[in-house]
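Naming convention: chains lettered A, B, ... in sequence-line order (proteins, then strands); numbering from 1 in each chain. Side chains included, hydrogens not; waters and symmetry mates left out as well; all remaining heavy atoms used.
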Number of protein chains: 2
Amino acid sequence: MKKNKAICDAQTCFMCQNCIEEWRPAICANKTNFKLKKGELVFKEGDAVTGIYFVYSGNIKVYKKWDADKELILRFAKGGAILGHRGIGDDLIYPISASALEDSVVCYVDMKFFESTLKVNTELTFQLVNFFANELRVSERRMRDLAHMPVKGRVADALLKLQNQFGITDTGLININLSRQDLASYAGATYETVFRVINELVSENTISLTGKSIAVVNQEALTALIESA
Amino acid sequence: MKKNKAICDAQTCFMCQNCIEEWRPAICANKTNFKLKKGELVFKEGDAVTGIYFVYSGNIKVYKKWDADKELILRFAKGGAILGHRGIGDDLIYPISASALEDSVVCYVDMKFFESTLKVNTELTFQLVNFFANELRVSERRMRDLAHMPVKGRVADALLKLQNQFGITDTGLININLSRQDLASYAGATYETVFRVINELVSENTISLTGKSIAVVNQEALTALIESA
DNA sequence: CGTTGGGTTGACTGATCTCAACCTCCGTGG
DNA sequence: CCACGGAGGTTGAGATCAGTCAACCCAACG
């Protein structure tokens, strides 16, 4: 990661957004920016936690390894998002890994400084609680889905979530460049199975392909797959 | 739920434990106790959130429904635990259900009061952030396990977690009375499959049965099931 | 050109779910 | 006291979903 002078942009960082005005200068003074190339790791499972990151630009995948060649993608962190918040608390070790899906810029704040900010800045802490509560809700819903929903539904769910988070291009394609492997890791299934499901969805006219990009054609059909078993 | 006069016990409630001394009387004044009979619901998915609960005694299962007859148990809340914290944040609707596994007592605090406490009491909020961070860690690990770990490993994991949380009796049995159905819902598999796996583990001398209760005989064998695929 | 990383496909296997039956315990009402 | 019924537990047979393995293809790139 290439280190840069910090540029504090209140529009694109959770910490600045939710911090009281007076703390902004201090935050800027304690921030470090990092430039990441595509594929570069921000941190990985087992690394010691020393601070917290915020994404300025680009797209970071947050995932948890299972095998050497299996993982589950937990979420994608885009501009403004917190990164590494799972390192907060008792445990001083990241339980997850994060790597850049495209060239990205993140900023870093030392954990001591972040925690002392939290102690002082009630609003920030309160927003953080809300943020965590949401993460937990999403996470637990996904737990249930992974346990009970068949792969086809999980793929449908993944596609809709991707469309929600990344929007669509003017030609209707989901606006993210994701390898099939990563899509599979996001849906929590194998490469080949996801591939077949994608084909199935195409032949049912629920989605369409343009190169590797995917467009949702029949949103209701996808939703239907998620609702029932 | 039978309503009672509140008895604030600093030993057994997350809020009191982490609150500044001065707020205790106010907390007590804003608490309501509820007695629950075995099987009784505290709240269910879709209910409006109006406050937050803390468990005084007993054991509450927190779960998320899938079918009419399928669910995933997310966790068990014992004495001191927070209950209904997933209702914090934007969403005014519980994403999960909670019901008593045995006769229990919970206390209830109005959400407005709880939030205003958070705004004032930095330490409580900070502890809440830590708590959420831990929940999220656990939850995301479980997500990955549900996605990639075979049932046998998930059952092993469930048993170890139960033993950790509930301890063992003097005869070595895991100190919780759980139906096979609930065990299955906790492991995220079907009743019959879990049953077969249990048998398998017994015949491998990894666990032993006494009535419906389970004792871990060979902890390392269980751990081994969790480590690798 | 060869190599490499995706992508695509088929055959096969096996884990896990479903369904259905039966059993046992226990509380309830006649 | 006994018959009944329901809830939970136990077991087997079979279907099927989804993972594994292996092959092939294609485009990019040194």
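Between its opening and closing five pairs, the helix from C:dC1-D:dG30 to C:dG30-D:dC1 changes axis direction by 20°, a value rounded to 10 degrees.
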* Can B:I52 and B:Y108 be said to form a side chain to side chain contact (heavy atoms under 4.5 Å, CB included), step by step? -> CA-CA 6 Å; B:I52 191 162; B:Y108 170 87; over 6 Å; no
* Check the pair B:F131 / B:H85 against ring-ring contact (aromatic ring centres under 6.0 Å, His included), numbers first and verdict last. => CA-CA 10 Å; B:F131 169 76; B:H85 49 285; 5.0 Å; yes
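Closest non-hydrogen pair, B:W66 versus A:E227, comes out as CH2-O, 4.4 Å. Closest heavy-atom contact between A:F43 and A:G84: CZ-CA, 3.7 Å.
A straight line from OH of A:Y191 to C1' of C:dT9 spans 11 Å, rounded to a whole angstrom. Spacing between atom CZ of B:F195 and atom C1' of C:dT16 amounts to 16 Å, rounded to whole angstrom units. Atom CG in A:L101 sits about 12 Å away from atom P in C:dG6, given to the nearest Å. Between the CD1 atom of A:I198 and the C1' atom of C:dG6 there is a distance of 15 Å, rounded to whole Å. To the nearest angstrom, P of C:dG6 lies 12 Å from CG of A:L178. If you measure from atom CG of A:N199 to atom C1' of C:dT9, you get 9 Å, rounded to the nearest angstrom. Rounded to an integer number of Å, the gap from B:K70 NZ to C:dT18 P is 4 Å. Atom CG of A:L146 is separated from atom C1' of C:dC17 by 17 Å (rounded to the nearest Å).
When the side-chain hydrogen bond (donor to acceptor under 3.5 Å, both in side chains) test is applied to B:T210, no partner is found at least two apart in sequence or on another chain. Qualifying salt bridge (Lys or Arg N to Asp or Glu O under 4.0 Å) partners for A:R75, counting only residues two or more places apart in sequence or in other chains: A:E135. Every residue was checked against the salt bridge (Lys or Arg N to Asp or Glu O under 4.0 Å) condition with B:K38, not counting sequence neighbours, and none meets it. Not counting sequence neighbours, A:R196 has no partner by the salt bridge (Lys or Arg N to Asp or Glu O under 4.0 Å) test. Shown here are the salt bridge (Lys or Arg N to Asp or Glu O under 4.0 Å) partners of B:D157, two or more places apart in sequence or in another chain: B:R141, B:K161. For A:K152, the side-chain hydrogen bond (donor to acceptor under 3.5 Å, both in side chains) partners two or more places apart in sequence, or in a different chain, are A:E200, A:E204.
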Could you go through residues 177-189 of chain B and list every donor-acceptor pair under 3.5 Å that involves a side-chain atom there, pairing it with any protein atom two or more places apart or in another chain?
{"residue": "B:S179", "atom": "OG", "partner": "B:Q181", "partner atom": "N", "Å": "3.4"}
{"residue": "B:S179", "atom": "OG", "partner": "B:D182", "partner atom": "N", "Å": "3.0"}
{"residue": "B:R180", "atom": "NH1", "partner": "B:K212", "partner atom": "O", "Å": "3.4"}
{"residue": "B:D182", "atom": "OD1", "partner": "B:K61", "partner atom": "NZ", "Å": "2.9"}
{"residue": "B:S185", "atom": "OG", "partner": "B:Q181", "partner atom": "O", "Å": "3.1"}

Tabulate protein N/O versus nucleotide N/O from nucleotides 20-22 of chain C, keeping only pairs under 3.5 Å, one per line.
none

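The outermost nucleotides of DNA chain D lying under 4.0 Å from heavy atoms of chain A, listed 5' to 3', are D:dA18 to D:dA22.
Both B:A189 and A:R196 lie close to DNA chain C; mapped to their nearest nucleotides by heavy-atom distance, the more 5′-ward contact belongs to A:R196.
Here A:L72 contributes atom CG and A:Y63 contributes atom OH; the two are 12.0 Å apart, rounded to the nearest 0.5 Å. One finds the NE2 atom of B:H148 at 6.5 Å from the NZ atom of A:K70 (value rounded to the nearest 0.5 Å).
Near DNA chain C, meaning a heavy atom under 4.0 Å away, the residues from residues 201-217 of chain A are A:K212.
Applying the side-chain hydrogen bond (donor to acceptor under 3.5 Å, both in side chains) test to residues at least two apart or on different chains, the pairs with a partner in residues 94-106 of chain A are A:E45-A:S97.
The side chain of B:T193 contributes an N or O atom lying less than 4.0 Å from OP1 or OP2 of C:dC17.
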